[in-house]
Amino acid sequence: MASDRTHDISNTPFHVRDIKALGEVLTNAAEAAFPNCGVSRYKEVHTLLLSWEDDNLGVADEIDELGDVLRNLYSFDVEEWKIPSKRSHNSLAAKVLGFLDDYESKDNLLIVYYGGHGEMNDDRQCVWSWERYQEADLTDFFFHSTDKPDASEVQWYGLQTMLEQAKSDVLILLDCCAAASSATGSGSGITEIIAACGFEAWAPGVGQHSFTRSLIDELRYLHRTGPFSTSLLHNKVLSRVKYWKPRFAPSASHREMRRTPIYIVISDETRPRSIEIEAQQQPSRPSEITVNSSSLDSTFSSLSLSEAVFSTTGTASGSSNSSADEVWPDKEFKCPKVLISVALEEE
């Protein structure tokens with residue numbers, strides 16, 4: 001029996017059913033595709049800089065400089081916190097939980113940085129340690145051994161899960177050995193990690209070769225360029241790290257002293273958006289795309305076919321009072337513009 005329908009309705013269940021839902025979909029898509037329109041995507045950016053209370057690596061100066069860059073150039077809220085040598089894991093767990101309780105919001109960006117010792121345990125998960133390693137002890141350097149003396153440790157892989165489940169976008173910066181062992185399967189939000197080295201590698205110490213030094217220099221430079229993504233930041237840091245060339249002389253100081261930073265994305269989204277970083281200098285956010293039936297009806301009633309951007313012959317209208325002039329007075333198109341045509345049927 002032939003169908004008397006004039007339209008294919010097989011995809012009807014996938015259609016947007018009302019104008020309000022369409023507006024919400026468009027708003028979310030626009031915020032993901034064009035997150036910045038002269039202002040930051042985030043209302044607030046909160047940064048937690050972590051290191052050990054007993055600093056045997058001398059990372060304090062670099063962390064202070066990193067904090068100054070984020071605080072003074074980017075106007076981020078910055079807190080430096082020292083991990084105690086006693087009850088290290090529980091103390092840091094309480095701090096991370098409090099950090100989330102205070103600042104977790106879908107409109108906020110959370111940044112967590114760590115500088116110190118790191119290793120990969122027998123389960124190939126990231127562990128932070130205060131203990132100083134000897135270069136000769138390569139097994140314990142990369143792989144956590146249960147036979148060595150007790151040391152102050154943080155099971156970071158457990159605490160990172162709390163950040164991955166947060167409503168906020170989260171950026172984690174790790175300057176430690178075996179940093180890429182922090183990679184996990186997925187998270188509920190957008191979590192991105194820039195690790196100083198691979199899971200099997202050691203990270204350069206404090207100084208010109210350190211990951212933190214390259215990170216500070218690139219953050220200073222990128223501040224002048226406007227908003228940038230985490231992936232671009234990683235690309236710039238990688239380029240700076242690679243720039244130094246050893247002379248390959250017999251001296252140990254001329255061997256390859258730098259390591260490749262690793263970029264990791266943790267998300268359940270099929271096409272995850274990237275975190276955008278920009279100075280928090282403008283208090284207002286771009287207005288959201290809102291569509292409702294009443295405003296749509298008034299728009300259609302106020303604009304006649306003769307006022308359309310294109311005439312019925314398909315040529316552009318030469319009138320200076322066209323609908324395009326009314327909707328988009330900004331002729332320089334400094335911000336992204338979206339023109340949507342909607343055809344309505346009664347049924």
Side-chain angles (χ1 to χ4, degrees), residues 27-28 30-51 61-81 99-100 102-115 163 166-175 189-196 210-241 261 263-265 272-288 330 332-337:
T27 296
N28 294 333
E31 288 183 344
F34 308 110
N36 300 89
C37 186
V39 295
S40 173
R41 172 197 295 174
Y42 306 104
K43 289 183 177 179
E44 300 174 1
V45 180
H46 299 276
T47 305
L48 182 62
L49 306 181
L50 301 173
S51 61
D61 290 341
E62 284 189 344
I63 292 179
D64 288 344
E65 186 176 354
L66 176 62
D68 288 340
V69 169
L70 296 176
R71 185 182 298 109
N72 298 326
L73 294 184
Y74 290 84
S75 300
F76 292 171
D77 173 56
V78 178
E79 178 183 1
E80 297 183 25
W81 195 79
F99 184 65
L100 291 173
D102 291 340
Y103 305 121
E104 181 182 5
S105 168
K106 65 181 182 62
D107 295 322
N108 292 347
L109 170 63
L110 305 181
I111 301 177
V112 177
Y113 165 93
Y114 170 69
L163 296 171
K167 298 177 182 177
S168 304
D169 290 353
V170 179
L171 173 60
I172 301 175
L173 306 169
L174 299 179
D175 191 355
I190 302 297
T191 302
E192 295 182 308
I193 302 173
I194 303 181
S210 76
F211 165 77
T212 301
R213 168 48 51 199
S214 295
L215 177 66
I216 291 171
D217 292 342
E218 287 305 324
L219 285 173
R220 289 186 187 277
Y221 170 76
L222 290 172
H223 170 259
R224 304 193 298 266
T225 67
F228 55 91
S229 65
T230 303
S231 59
L232 177 61
L233 175 60
H234 167 260
N235 190 7
K236 293 294 186 180
V237 172
L238 174 58
S239 297
R240 181 175 289 272
V241 167
Y263 172 56
I264 304 166
V265 179
R273 51 184 170 78
S274 181
I275 291 172
E276 293 279 337
I277 302 173
E278 186 182 12
Q280 300 288 289
Q281 295 181 347
Q282 300 190 33
S284 62
R285 303 181 68 207
S287 59
E288 295 183 343
D330 173 21
E332 296 181 1
F333 288 83
K334 294 181 179 179
C335 297
K337 303 295 191 298

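Start at 1 with the first residue, then count along the sequence. Fair warning: this is a prediction, and the values are worked out from it, not measured in the lab.
Between L50 and L48, the closest side-chain pair of non-hydrogen atoms falls below 4.5 Å. Two residues are said to be in side-chain contact when any heavy atoms from C-beta on lie closer than 4.5 Å; H46 and I111 fail this criterion. The side-chain heavy atoms of I194 and L174, taken from C-beta on, include no pair separated by under 4.5 Å. Side-chain contact between L163 and T191 is absent, with no heavy-atom pair separated by less than 4.5 Å. Considering only heavy atoms from C-beta on, L110 comes within 4.5 Å of L100 through its side chain. You'll find the side chain of D77 reaches within 4.5 Å of the side chain of Y103, heavy atoms only. Side-chain contact between K106 and S168: absent, with no pair of heavy atoms (C-beta onward) separated by less than 4.5 Å. Two residues are said to be in side-chain contact when any heavy atoms from C-beta on lie closer than 4.5 Å; I275 and L109 meet this criterion.
Of the N and O atoms on the side chains of T47 and E79, not one donor lies less than 3.5 Å from an acceptor on the other residue.
For S214 (side chain) and F211 (main-chain N/O), no donor-acceptor pair under 3.5 Å exists by modelled atom type. For the pair E80 (side chain) and L49 (backbone), a donor-acceptor distance under 3.5 Å is absent. Listed for the N235 side chain is no donor-acceptor partner under 3.5 Å among the backbone atoms of S231.
Nearest heavy-atom pair across A166 and E104 is CA-OE2, 3.2 Å. The shortest non-hydrogen separation linking Q280 to S75 is O-CB, 3.5 Å.
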Exercise. Give the C-alpha distance, both sets of side-chain angles, the deciding distance and a yes or no for side-chain contact (heavy atoms from CB on, under 4.5 Å) between L73 and R220.
Key: CA-CA 8 Å; L73 294 184; R220 289 186 187 277; 4.3 Å; yes
Practice problem: Check the pair I63, L66 against side-chain contact (heavy atoms from CB on, under 4.5 Å), reporting the backbone distance first and the verdict last. | Solution: CA-CA 5 Å; I63 292 179; L66 176 62; 5.5 Å; no
Exercise. Using the side-chain hydrogen bond (donor to acceptor under 3.5 Å, both in side chains) rule, take T230 and E192 through it: C-alpha gap first, then chi angles, then the decisive distance, then the call.
Key: CA-CA 7 Å; T230 303; E192 295 182 308; 2.9 Å; yes
Exercise. Apply the test side-chain hydrogen bond (donor to acceptor under 3.5 Å, both in side chains) to residues T212 and Y113: give CA-CA distance (whole Å), side-chain angles for both, the deciding distance (0.1 Å), then the verdict.
Key: CA-CA 10 Å; T212 301; Y113 165 93; 2.6 Å; yes
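If you take CZ on R71 and CG on D64, they are separated by 8.5 Å, rounding to the nearest 0.5 Å. Remark: D107 CG to K167 NZ distance equals 11.0 Å, nearest 0.5 Å. Rounding to the nearest 0.5 Å gives a distance of 11.5 Å between CG of L173 and NE2 of H234. Once rounded to the nearest 0.5 Å, the distance linking CD1 of I277 with NE2 of H223 reads 12.5 Å. Taken to the nearest 0.5 Å, the CD1 atom of I193 stands 9.0 Å off from the CG atom of L171. The CG atom of L215 sits 8.5 Å away from the CG atom of D175 when rounded to the nearest 0.5 Å.
A salt bridge links D169 and R41; the closest N-O separation between the charged side-chain nitrogens and carboxylate oxygens is under 4.0 Å.
In this structure, F228 and Y74 have perpendicular ring planes: the angle between them is above 60°, well past the 30° mark.
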